[in-house]
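In what follows, a single structure is set out as structure tokens and then discussed.
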2 protein chains.
Amino acid sequence: MKQDSRLSATLHVLLHMADRGAAMTSEELAACLGTNPVVIRRTMAGLRETGLVRSEKGHGGGWTLARALVEITLGDVHRALGEPALIALGHRSENPQCLVEQAVNAALGEAFAEAETLLAGHFDRVRLSDLAADFSRRFDERRQAHAKHDQAI
Amino acid sequence: MKQDSRLSATLHVLLHMADRGAAMTSEELAACLGTNPVVIRRTMAGLRETGLVRSEKGHGGGWTLARALVEITLGDVHRALGEPALIALGHRSENPQCLVEQAVNAALGEAFAEAETLLAGHFDRVRLSDLAADFSRRFDERRQAHAKHDQAI
DNA sequence: AGTCATGTAACATTGAAAGTTACATGAAAC
DNA sequence: GTTTCATGTAACTTTCAATGTTACATGACT
């Protein structure tokens with residue numbers, strides 16, 4: 001199954017925006033992901049409508065966060081992207097006449113709903129500030145590793 | 001995201017096979033799903049290798065269950081299909097250099113793993129006999145509904 | 001006016017599932 | 001033994017959504 005990486009990409013972009021502190025153009029953000037600026041604009045359109053980010057045209061324009069990282073959950077971003085399906089498996093047909101298929105749909109549907117609820121709940125509990133904190137931790141770790149390395153030389 | 005319906009289709013097919021009690025041809029099974037016999041053979045190939053079903057060529061040939069329904073879990077079927085991905089979302093890149101992306105991957109990876117574990121665990125606890133029982137229940141319900149309807153006439 | 005940036009339509013590319021065609025292989029029936 | 005029926009499998013085509021690209025209109029700053 002070809003996987004949907006829009007959530008991953010968007011989180012990446014939002015953290016870079018927060019790190020920068022100033023407006024970033026689609027081109028800059030696209031460079032962070034190694035993709036095309038139009039992909040950024042298209043993906044961010046939903047976030048703009050939901051009020052997570054703002055965009056400005058012209059000189060000095062670009063994208064800025066409309067809320068603090070601590071006020072944005074992964075769930076917010078997922079919803080802003082249009083709530084793409086979380087589960088890669090699906091039913092062969094919805095509302096089948098065949099009773100066998102109805103039983104299959106019921107069993108799988110229950111399992112899918114359970115996993116989806118768990119994942120969506122998890123998304124609602126994680127804030128972008130949590131990711132930023134993890135980033136800082138990794139940053140410090142790398143810095144210390146480099147210092148150790150320099151010392152060894 | 002285009003969803004993978006192989007698990008759904010395979011469960012449907014296996015229950016029909018159990019219901020029949022005798023060998024069923026790819027053509028018959030394909031008719032149950034409204035698809036092509038070759039799709040059945042391709043999908044069932046994994047189940048044959050895993051020892052869930054047997055296939056016979058020639059006259060009177062076709063597919064038969066190699067185990068009782070109570071001895072087959074949804075997890076067995078999922079594994080026999082090659083363990084297709086359960087989660088529709090993915091990372092933008094594996095093993096990124098960018099620390100931001102590493103933090104994103106860590107957060108999402110944890111969430112995905114949690115949901116995947118739950119779903120896989122669920123699959124391992126549900127047996128095909130459970131689905132067959134649910135089918136029987138639905139069958140009886142429909143029969144009673146019809147009886148009631150006939151009575152009203 | 002010129003430049004920079006977003007907004008968006010229109011199209012091409014990609015990748016995996018699903019569907020199809022064709023034919024080889026093997027087993028039963030005649 | 002040859003005809004018929006069934007699987008086994010390769011090699012395509014189709015489908016569909018994400019992703020990538022091109023082109024151009026719109027608006028804002030200099």
Side-chain angles (χ1 to χ4, degrees), chain A residues 1-10 12-13 17 20 22-49 52-64 66 78 81-93, chain B residues 1-10 12-13 17 20 22-49 52-64 66 78 81-93:
Chain A
M1 170 81 13
K2 198 179 180 182
Q3 294 181 319
D4 183 345
S5 69
R6 280 174 296 180
L7 180 59
S8 169
T10 305
H12 187 160
V13 155
M17 284 167 59
R20 172 72 69 88
M24 290 184 75
T25 67
S26 303
E27 195 156 4
E28 289 171 320
L29 294 172
C32 293
L33 296 181
T35 184
N36 192 296
V38 177
V39 174
I40 298 290
R41 295 192 198 115
R42 185 193 296 154
T43 307
M44 299 288 279
L47 305 218
R48 192 190 334 111
E49 285 161 22
L52 296 182
V53 300
R54 275 187 286 264
S55 64
E56 298 288 343
K57 290 182 175 178
H59 272 283
W63 300 87
T64 47
H78 178 245
L81 290 173
E83 294 198 72
L86 300 175
I87 305 295
L89 309 184
H91 297 149
R92 176 108 194 141
S93 74
Chain B
M1 169 82 14
K2 199 180 181 181
Q3 294 182 319
D4 182 345
S5 68
R6 280 175 296 180
L7 180 59
S8 169
T10 305
H12 188 159
V13 155
M17 285 167 59
R20 172 74 67 91
M24 289 185 76
T25 67
S26 303
E27 196 156 2
E28 289 170 321
L29 294 172
C32 292
L33 295 181
T35 184
N36 192 294
V38 177
V39 174
I40 298 290
R41 295 192 199 115
R42 186 194 295 153
T43 308
M44 299 287 279
L47 305 219
R48 193 193 330 114
E49 285 161 21
L52 295 182
V53 300
R54 275 188 286 265
S55 63
E56 299 288 343
K57 289 181 176 180
H59 272 281
W63 300 87
T64 48
H78 178 245
L81 290 173
E83 293 198 73
L86 300 175
I87 305 295
L89 308 185
H91 296 149
R92 177 110 193 139
S93 75

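Residue numbers start from 1 in every chain, and the chains themselves are labelled A, B, ... in the order their sequence lines are given, proteins ahead of strands. Treat the numbers as computed from the prediction; the structure is a model and nothing was measured.
Following rounding to the nearest Å, Gln3(A) (CD) and dA17(C) (P) show an atom-to-atom distance of 11 Å. One can place CG of Leu7(A) at 11 Å from P of dT19(D), the figure rounded to the nearest angstrom. Taking atom CD1 of residue Ile40(A) and atom P of nucleotide dG7(C), one finds them 12 Å apart after rounding to whole Å. Computed from coordinates, the Met44(B) CE to dT9(D) P distance equals 14 Å when rounded to whole Å. To the nearest angstrom, P of dA17(D) lies 17 Å from CG of Leu81(A). For the pair Glu27(B) CD and dC5(D) P, the computed distance is 11 Å after rounding to whole Å. Regarding Leu29(A), its CG atom lies at a distance of 12 Å from the P atom of dA5(C), rounded to whole Å. Rounding to whole angstrom units, CG of residue Asn36(B) and P of dT7(D) are separated by 12 Å.
In this structure, Gly60(B) reaches neither bases nor backbone, as no heavy-atom distance under 4.0 Å exists between it and the strands shown. When heavy atoms are screened at a 4.0 angstrom cut-off, Arg54(A) is found touching no nucleic acid atom at all.
Within 3.5 Å, no donor on the side chain of Lys2(A) pairs with an acceptor on the base of dT19(D), nor the reverse.
Among the nucleotides dT7(D), dG7(C), dA18(D), the one closest to the side chain of Thr25(B) is dT7(D). Nearest nucleotide to the His59(B) side chain, out of dT7(D), dT4(D), dA18(C): dT4(D). Residue Val39(A) has its side chain nearest to dT21(D) when only dG19(C), dT21(D), dG8(D) are considered. For Asp4(A), counting side-chain heavy atoms from C-beta on, the closest listed nucleotide (dA18(C), dT6(C), dT19(D)) is dT19(D). Residue Lys57(B) has its side chain nearest to dA27(C) when only dA17(C), dG19(C), dA27(C) are considered. Side-chain proximity of Ser55(B) to dG19(C), dA17(D), dG8(D): nearest is dG8(D). Each of dG7(C), dG20(D), dA18(D) was ranked by its minimum atom distance to the side chain of Trp63(A); first place goes to dG7(C). In this structure, the nucleotide among dA22(C), dA18(C), dA17(D) sitting nearest to the side chain of Val38(B) is dA22(C).
For Arg41(B), no side-chain nitrogen or oxygen approaches OP1 or OP2 of dG8(D) to under 4.0 Å. Distances shown here put a side-chain N or O of Arg48(B) below 4.0 Å from the OP1 or OP2 atom of dG8(D). Listed pair Arg42(A) / dT21(D) fails the phosphate criterion, with no side-chain N or O lying under 4.0 Å from OP1 or OP2. Taking only side-chain nitrogens and oxygens, Ser26(B) never comes nearer than 4.0 Å to OP1 or OP2 of dA6(D).
Under a cut-off of 6.0 angstrom, the local environment of CD in Glu56(A) is sparse, with at most 12 non-hydrogen atoms contributed by other residues, nucleotides or ligands.
Side chains of Arg54(A) and Arg48(A) form no contact here, defined as non-hydrogen atoms less than 4.5 Å apart. Residues Leu29(A) and Thr35(A) have side chains not in contact (no heavy-atom distance under 4.5 Å, counting atoms from C-beta outward). Between Pro84(A) and Arg6(A), the closest side-chain pair of non-hydrogen atoms falls below 4.5 Å. Here the side chains of Leu86(A) and Leu89(B) are in contact, with some heavy-atom distance below 4.5 Å.
A donor-acceptor pair is defined here as one N or O able to donate and one able to accept, closer than 3.5 Å; no such pair exists between the side chain of Ser26(A) and the backbone of Ile40(A).
Closest-nucleotide positions on DNA chain C for Glu56(B) and Ala45(A) were compared, and the one nearer the 5' end corresponds to Ala45(A).
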